[in-house]
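Heads up: the structure comes next, in structure tokens.
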Amino acid sequence: MERKQIGNGAYITVLDSQKFNRCRITLHFQFPANREQATAAAVLPLVLERGYADCPDMTELSRRLAKLYGADLAVDNAVNGGNRILTVEIVGICDPFALEGENLTQEYLKIALGVAFDPYLVNGVFDPEAVQIEKATLAQRLEAEINDKRGYCVRQARRKFYGSSKAGIERDGYLEELPALDAAALKRVYDEILRTATVDVMVQGANAQLVEKAVLQRLSSIDRAPAALEPATLMPRQECRHYTETFSDLVQAKLCMLFAASETLNGEKLEANRLAMALFGGSVTSRLFLNVREKQSLCYYCGSSAGVMGGVMMVDSGVEPKNAAKAEQAILHELDQLLHGPITDEELEDCRRGILSGMESVEDTLSGVENWYYMQICRGEQLCSPAESRRRLLAVTKEQVRQVLAGYSLSVSYLVTAKEDAQ
């Protein structure tokens, strides 16, 4: 595994993939979230995925990928605290497995770099017809948000938690802004991303020298001025705010509790955080699963997770409307017991073994390996292998787990439930 800087705000990371017969080339463009550009940034990957200058037709693009032994192309956007990530990736078989000795890396690069750096334009802007189609696609997704009450509850809680901070800017943009977004505005946001983003190229199983040379050539034509990325978000600790939203057609209520972190958890503290989440509510041997769900039957599901860059711990549960208050108190009780009561060696080791097992499967897929290392890059950490993390995890103590959990403070509790006359 090797990571090096290849240009102004541009890096390449070559990952070992000898045991795979497939390769993967990914370009990550990470940039600070911007409220005014959020909707355009959400539409952009949908438009880019349709094709590029040398292949603007979606059907023809599918044919090209099929001819490359069924290669896969994907363009997406993601949230990383107060930053956003535009990703272009292509996956296919490695060069040595080409039946006729084709230079597959070269062909993959033509597509991936074409999509990323040479999109199909009409009169200098994105194709207006394509933009209209993808705006409609995104509008349907945003309008359907409320149909998934679990996801809706989580998003509503996050909106209250993050407020107007950069971490609270919507990944999928804003429905009311879609009508005014045009092809020219989308092109301006695209150009700004290419100019200011930190570029991370991840290579697995492909010709890394060829990839590096091709990416550098593309970047050299851009007047680059990479922007400083946002640090991990830490929201102020405050009295918990409770919110309730009711629906007449709801049977199962949804409860989302967000806890603000007091410090950024990385390095060795990250391993303690992993074990703390597994012990509290992230595994089938956790306190929330065994006590709140199984013993007390207060919820259909109840789990905890933590977003390090977002500075948050989330407890997400589905409950009977009449049991919502009891479930919240039971969740808080289990957290208090972990802080002040006994933690048995057996339950700690059960959770530790579960995490270790998951870490062992990280290297079973190309995506698992890449995600493991790229998340460390996003957190600004020294790259650490899954094996090294497993060794760190083995050294985590009960006291370290308690210290991590003590740093979380309940900030927002959001309940989506049935109207009283509908219960």
(request) Check whether any side-chain heavy atom of Gln400 sits under 4.5 Å from a side-chain heavy atom of Leu275, and report yes or no. (result) no
(request) For Arg84 and Ala78, indicate whether the former's side chain and the latter's backbone hold a donor-acceptor pair under 3.5 Å. (result) no
(message) Does Lys110 form a salt bridge (Lys or Arg N to Asp or Glu O under 4.0 Å) with Asp54? I'd like the steps, not just the answer.
(response) CA-CA 9 Å; Lys110 287 180 182 178; Asp54 289 340; over 6 Å; no
(message) With a 4.5 Å cut-off on side-chain heavy atoms, are Arg392 and Cys384 touching?
(response) yes
(request) Using a cut-off of 6.0 Å, state whether more than 12 heavy atoms not belonging to Glu176 lie near its atom CD. (result) yes
(message) Measuring only between side-chain heavy atoms, which start at C-beta, is Ile169 closer than 4.5 Å to Tyr162?
(response) no
(request) Return the minimal non-hydrogen interatomic distance between Tyr408 and Val312, and the atom names on each side. (result) CE2-C, 4.1 Å
(message) Pair Thr39, Leu178 - check side-chain contact (heavy atoms from CB on, under 4.5 Å), show working.
(response) CA-CA 7 Å; Thr39 302; Leu178 280 171; 3.6 Å; yes
(message) Rounded at 0.5 Å granularity, tell me how far CE in Met257 sits from CE in Met313.
(response) 8.0 Å
(request) State, with a plain yes or no, whether a side-chain heavy atom of Pro32 is found less than 4.5 Å away from one of Asn34. (result) no
(request) Taking the side chain as every heavy atom from C-beta outward, state whether Arg195 and Asp191 have any atom pair closer than 4.5 Å. (result) no
(message) I'd like to know if the side chain of Asp72 reaches the main chain of Val91, judged simply by a donor and an acceptor atom lying under 3.5 Å from each other, with no hydrogens or angles considered.
(response) no
(message) With rounding to the nearest 0.5 angstrom, report the CE to CG distance, Met202 to Leu27.
(response) 11.0 Å
(message) Please check: side-chain N/O of Gln5 versus main-chain N/O of Gly7, any donor-acceptor pairing under 3.5 Å?
(response) yes
(request) Without swapping roles, check the side chain of Arg287 against the backbone of Leu335 for a donor-acceptor pair under 3.5 Å. (result) no
(request) Might you point out which heavy atoms bring Ala278 and Ile355 nearest each other, and give the distance in Å? (result) CB-CD1, 3.7 Å
(message) Can you give me the closest heavy-atom contact between Val404 and Lys269, atom names plus distance?
(response) CG2-O, 4.3 Å
(message) Could you check whether any side-chain N or O of Thr105 sits under 3.5 Å from a backbone N or O of Asn207, counting only pairs where one atom can act as donor and the other as acceptor?
(response) yes
(message) Nearest 0.5 Å, please: how far is CD1 in Ile25 from CG in Leu104?
(response) 10.0 Å
(request) Starting from the C-alpha separation in whole Å, work towards a yes-or-no answer on side-chain contact (heavy atoms from CB on, under 4.5 Å) for Leu356 and Leu394. (result) CA-CA 9 Å; Leu356 290 171; Leu394 287 170; 3.8 Å; yes
(message) Quick one, Thr285 with Glu347, criterion side chain to side chain donor-acceptor pair (under 3.5 Å). Give me CA distance, side-chain angles, the key distance, then yes/no.
(response) CA-CA 7 Å; Thr285 59; Glu347 65 177 330; over 6 Å; no
(request) Evaluate the salt bridge (Lys or Arg N to Asp or Glu O under 4.0 Å) criterion for residues Asp200 and Arg3: first the C-alpha distance (whole Å), next the side-chain angles of each, then the deciding distance (0.1 Å), finally the verdict. (result) CA-CA 9 Å; Asp200 267 288; Arg3 182 174 188 253; 3.0 Å; yes
(request) Step by step, work out the salt bridge (Lys or Arg N to Asp or Glu O under 4.0 Å) result for Glu107 and Lys67. (result) CA-CA 10 Å; Glu107 297 304 314; Lys67 287 179 180 178; over 6 Å; no
(message) Strictly distance-based, threshold 3.5 Å: is any side-chain N or O of Arg402 a donor or acceptor partner for the main-chain N or O of Leu338?
(response) yes
(request) Answer yes or no: are there more than 12 heavy-atom neighbours, outside Glu381 itself, under 6.0 Å from its atom CD? (result) yes
(message) Please give me the minimum heavy-atom distance between Leu265 and Val308, naming the atom from each residue.
(response) O-CG1, 2.8 Å
(message) For a side-chain contact (heavy atoms from CB on, under 4.5 Å) check, start with the C-alpha distance between Gln30 and Tyr374, then their side-chain angles and the critical distance, and finish with the verdict.
(response) CA-CA 11 Å; Gln30 186 171 191; Tyr374 186 59; 3.6 Å; yes
(request) Identify the two heavy atoms, one from Ala260 and one from Arg237, that lie closest to each other, and give their separation to 0.1 Å. (result) O-NH1, 4.2 Å
(message) Apply side-chain contact (heavy atoms from CB on, under 4.5 Å) to residues Leu65 and Glu60 and explain how you reach the verdict.
(response) CA-CA 9 Å; Leu65 291 167; Glu60 177 57 27; over 6 Å; no
(request) Give, for atom CG of Asp336 and atom CD of Gln329, the distance between the pair rounded to the nearest 0.5 Å. (result) 11.0 Å
(request) To the nearest 0.5 angstrom, please state how far the OG1 atom of Thr26 sits from the CD atom of Gln204. (result) 7.0 Å
(message) So which atom in Tyr414 and which in Val416 form the shortest heavy-atom distance, rounded to 0.1 Å?
(response) CE2-CG2, 3.9 Å
(request) Identify whether the distance between the nearest side-chain nitrogen and carboxylate oxygen of Glu349 and Arg353 falls below 4.0 Å. (result) no
(message) What's the separation between atom NZ in Lys160 and atom OG in Ser411, rounded to the nearest 0.5 Å?
(response) 12.0 Å
(message) Main chain of Arg218, side chain of Ser221: is a donor-acceptor contact present, judged purely on distance under 3.5 Å?
(response) yes
List the atom pairs, with distances to 0.1 Å, where a side-chain N or O of residues 11-23 and a protein N or O form a donor-acceptor pair under 3.5 Å, not counting sequence neighbours.
{"from": "Asp16", "atom 1": "OD1", "to": "Gln18", "atom 2": "N", "distance (Å)": "3.4"}
{"from": "Ser17", "atom 1": "OG", "to": "Gly205", "atom 2": "N", "distance (Å)": "2.8"}
{"from": "Lys19", "atom 1": "NZ", "to": "Glu363", "atom 2": "O", "distance (Å)": "2.7"}

(message) Between Asn77 and Arg171 (side chain of the first, backbone of the second, donor and acceptor by atom type, cut-off under 3.5 Å), is there such a pair?
(response) yes
Hey, can you pull the donor-acceptor pairs under 3.5 Å for the side chains in residues 122-133, sequence neighbours left out?
{"from": "Asp127", "atom 1": "OD1", "to": "Glu129", "atom 2": "N", "distance (Å)": "3.2"}
{"from": "Gln132", "atom 1": "OE1", "to": "Lys135", "atom 2": "NZ", "distance (Å)": "3.1"}

(message) Can you see whether Tyr301 has Arg150 sitting over its ring - NZ or CZ less than 6.0 Å from the centre and within 45° of the normal?
(response) yes
(request) May I ask you to check whether over 12 heavy atoms, not counting those of Glu360, lie within 6.0 Å of atom CD? (result) yes
(message) Test your reading of the model: is there a side-chain donor-acceptor pair from Glu134 to the backbone of Val47, 3.5 Å cut-off?
(response) no
(message) Is the distance between the ring centroids of Tyr190 and Phe29 under 6.0 Å?
(response) no
(message) Taking Gly9's backbone N and O only, do any of them form a donor-acceptor pair with Arg224's side chain (distance below 3.5 Å, no angle check)?
(response) yes
(message) Side chains of Asn103 and Leu210, heavy atoms from C-beta outward: is any pair under 4.5 Å?
(response) yes
(message) Are the side chains of Tyr120 and Asp57 in contact, using a 4.5 Å heavy-atom criterion?
(response) no
(message) Could you check whether any side-chain heavy atom of Asp345 comes within less than 4.5 Å of a side-chain heavy atom of Lys398, counting everything from C-beta outward?
(response) yes
(request) Please name all residues satisfying side-chain hydrogen bond (donor to acceptor under 3.5 Å, both in side chains) with Arg159, sequence neighbours left out, ordered by chain then number. (result) Glu145, Gln156, Glu170
